[in-house]
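Worksheet: one structure, shown below.
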Amino acid sequence: MDEVWERLERQPGSAGLIAMLQGIAGGEPTDGDRLSSAMYSYRQGMSALAPDALPFVLALARDSALPARDEVMLALNMLVGCGRSLPVERIPPGWPPAWQACRAAAEPLVADQDPKVRYWAIDLVEHPGPLLDRLRTETEPSLRIRLLLRLGSVAAPTDDEARTTLTATAGTPVLRLAALRGLNRLDPDGAAGRVDGLVELFTDPSKPASVELLWHPAGEDYRPELSDLVLPTAEDLPGEVAARFTARLARGGRPDLRLAALDAAWRVLVSRPSAGPGLLAVAGELLDDPDPRIRVRAAHLLAMLGKAAAPFADRLFALLDDRDGDEWLDGTTADFARWALARIGDPRALPGLVWQLTAVHREQGWSWTGGDPHRPEPSDALIALPEHAETLRPQMAVWTRGGLLSAADVVAAWDGRAVIPCQPPAGSDLESVACRLFRMPQQHQPTEAPSRYRTAMVAVATLSQRGPLPPKVRTAVEYALSLDRRLSEEVDYRAVLDDERLRDMLQRALRGEAVQMPSLSLQSPSFV
């Protein structure tokens, strides 16, 4: 350890982290987020200091005399999670061997005397053995739930003991729910056959209306409701199965579960294109629901489904005067119904469309939580309507003069003059840059550096203008298109719009067309 400490001391910029570690060891108050920030930043990725600091962070976590060890565990948990999810270029080369050397020493923490330490230690375990051992003796209900979920994440589908443990778990409904979620993680191919059991746990009137305090460490005051568990349950399912699960809950059950199911359906649709077909019918059915909170969400889902919502165009048109909605969401049913008609391409949406889109600026709207349904940026909505440019240009001119709309970007997109949002590095091998698409993970990770993939797509567009794509680039593009994830880092309507445009570009490039990067959401951050 002395050698590792000396190596850490020699690293540039290590003084602050060293002082923090020494202070924690001396009993100073510990802030897990501050310790995490000393070793990771969103912009730069994992710090070069992290591999050498890891043994000392783990030693602090293992020191039973240290106060507030759970804060150190929080930082350790975050760091290990980043090491699993970050692209290789955002991880120091020394991190994988450093974690492999420390992993065995971290596993016994799942049996620590402090339940707060055990809470964070569970996610550090990367194989089923320690989890199965702890399940035999763990008495804290919230930790049994976390053990079941983690077991499903790390066990192989062929692990009979893990499968038997998850299948045989009984007890309270919420414990059974955790076991089913664990099975869905272990065996996603069999998740479709477990939808009935999931729906029953949420809707059976003999089950409790709210769950026990099981999902958070002992001592926390928050008492989750059954509806709080709809989204995480849906997120454990493949996209099309998640759509079936949320659709069934949205069609029946208590009002809070129906709302939670629609919110979960939206979150799943934002991240997984495969959910779309399974949500179309239920969204159309719920346009006539007497609850305005249901109608506004149904209209918004149809807006996101785009041209697939065409069978419901007449019913959407009938809602253009429906000014009801949900006080916690930005936008009315009428707002989303008109936007849905516009996305379908129905000309009945065009009269007054720009006036309605710019209302968000006149009203100083967008009081929303990231990821929630909300009205679109006017430019984002209009860029997708070049076929209606003749009708919309006069409307845009009125609101441009009023300072509520910048039409230049929209017109540039319509005319094919939009600026490409990023360029491949000067002098780079375009084929190698395009093949970065192979690094795109199966599911969106919050720690991704999306610019790498966006730059790769620019390289694909550039190569397409030189002729047919090279074989390796074709394979990389086919890989990206095969993923059930959005080719966007956004978490709201922009994820869907951008993904549609990027997928269309890549598909045309595969067909041999010379393509350009499409215009993307104008609120997207700058890419490096």
Side-chain angles (χ1 to χ4, degrees), residues 280 283-289 292 294-326 329-368 373-418 492-494 496-497 500-501 518-519 521-523:
L280 182 63
E285 292 170 20
L286 297 178
L287 289 176
D288 300 323
D289 197 273
I294 296 290
R295 291 198 305 276
V296 71
R297 286 168 168 81
H300 184 263
L301 279 175
L302 291 176
M304 289 298 90
L305 291 169
K307 295 188 184 300
F312 304 103
D314 289 341
R315 290 166 67 188
L316 287 164
F317 180 70
L319 294 174
L320 293 187
D321 293 323
D322 187 343
R323 299 297 172 186
D324 288 330
D326 186 326
L329 297 181
D330 174 76
T332 66
T333 301
D335 292 327
F336 294 129
R338 188 179 294 274
W339 188 23
L341 283 174
R343 293 254 297 147
I344 290 167
D346 193 313
R348 291 177 293 180
L350 300 181
L353 176 62
V354 178
W355 177 88
Q356 190 165 25
L357 289 172
T358 54
V360 69
H361 291 305
R362 293 195 303 275
E363 300 166 4
Q364 297 182 339
W366 288 324
S367 177
W368 44 271
H374 62 92
R375 287 175 288 179
E377 164 66 37
S379 299
D380 289 341
L382 292 168
I383 280 174
L385 303 173
E387 67 273 20
H388 299 298
E390 183 177 350
T391 301
L392 294 173
R393 282 179 195 259
Q395 294 184 39
M396 289 167 55
V398 172
W399 298 109
T400 300
R401 288 194 297 269
L404 294 171
L405 175 68
S406 174
D409 291 320
V410 176
V411 173
W414 286 350
D415 296 343
R417 296 182 287 103
D492 57 12
Y493 74 87
R494 294 168 292 173
V496 178
L497 299 188
E500 290 175 351
R501 295 163 187 164
S519 297
S521 298
L522 301 176
Q523 284 185 288

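Count residues from 1 along the sequence. All values below were derived from every heavy atom in this structure, side-chain atoms included, with hydrogens, water molecules and symmetry-related copies excluded.
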Gln395 and Val354 have their tightest heavy-atom pair at OE1-N, 3.1 Å
Decide, yes or no, whether a salt bridge links Glu500 with Arg343 under the criterion of side-chain N to carboxylate O below 4.0 Å.
yes
When the aromatic ring centroids of Tyr493 and His374 are compared, is their separation below 6.0 Å?
yes
Using side-chain contact (heavy atoms from CB on, under 4.5 Å) as the criterion, point out the one residue from Leu302, Leu286, Asp289, Leu329 that pairs with Arg297.
Leu329
Quick one: side chains of residues 311-320, donor-acceptor pairs under 3.5 Å with protein atoms, not counting sequence neighbours, listed by atom name and distance.
unit_1 : atom_1 : unit_2 : atom_2 : d
Asp314 : OD1    : Arg348 : NH1    : 3.1
Asp314 : OD1    : Arg348 : NH2    : 2.9
Arg315 : NH2    : Gly284 : O      : 2.6
Arg315 : NH2    : Asp288 : OD2    : 2.9

Please list, one pair per line, the donor and acceptor atoms closer than 3.5 Å that link side chains of residues 382-390 to other protein atoms, with sequence neighbours excluded.
none

If you look at every heavy atom in Leu353 and Ala349, which pair is closest and at what distance?
CB-O, 3.4 Å
Indicate yes or no: does Arg494 engage Asp380 in a salt bridge with an N to O separation below 4.0 Å.
no
Check whether Asp335 reaches the backbone of Thr332 with its side chain - one donor and one acceptor, N or O, closer than 3.5 Å.
yes
Can you list everything that forms a side-chain contact (heavy atoms from CB on, under 4.5 Å) with Ala310? Sequence neighbours excluded, please.
Ile344
Using a strict threshold of under 4.0 Å (side-chain N to carboxylate O), is an ion pair present between Arg375 and Asp330?
yes
For the residue pair Ala299 and Ala340, what are the closest heavy atoms and their distance?
O-CB, 4.2 Å
Do Arg295 and Leu287 come close enough that some side-chain heavy atom pair is under 4.5 Å?
no
Tell me whether Gln356 contacts the main-chain N or O of Pro351 through its side chain, where contact means a donor paired with an acceptor under 3.5 Å.
no
Indicate the atoms forming the closest heavy-atom contact of Pro373 with Phe336, along with that distance.
C-CZ, 4.5 Å
Could you tell me whether a side-chain N or O of Thr333 sits under 3.5 Å from a main-chain N or O of Asp324, the two making a donor and an acceptor?
yes
Ser521 and Glu377, any side-chain heavy atoms less than 4.5 Å apart
no
Minimum heavy-atom separation for Leu280 and Ala309, please, with both atom names.
CD1-CA, 3.9 Å
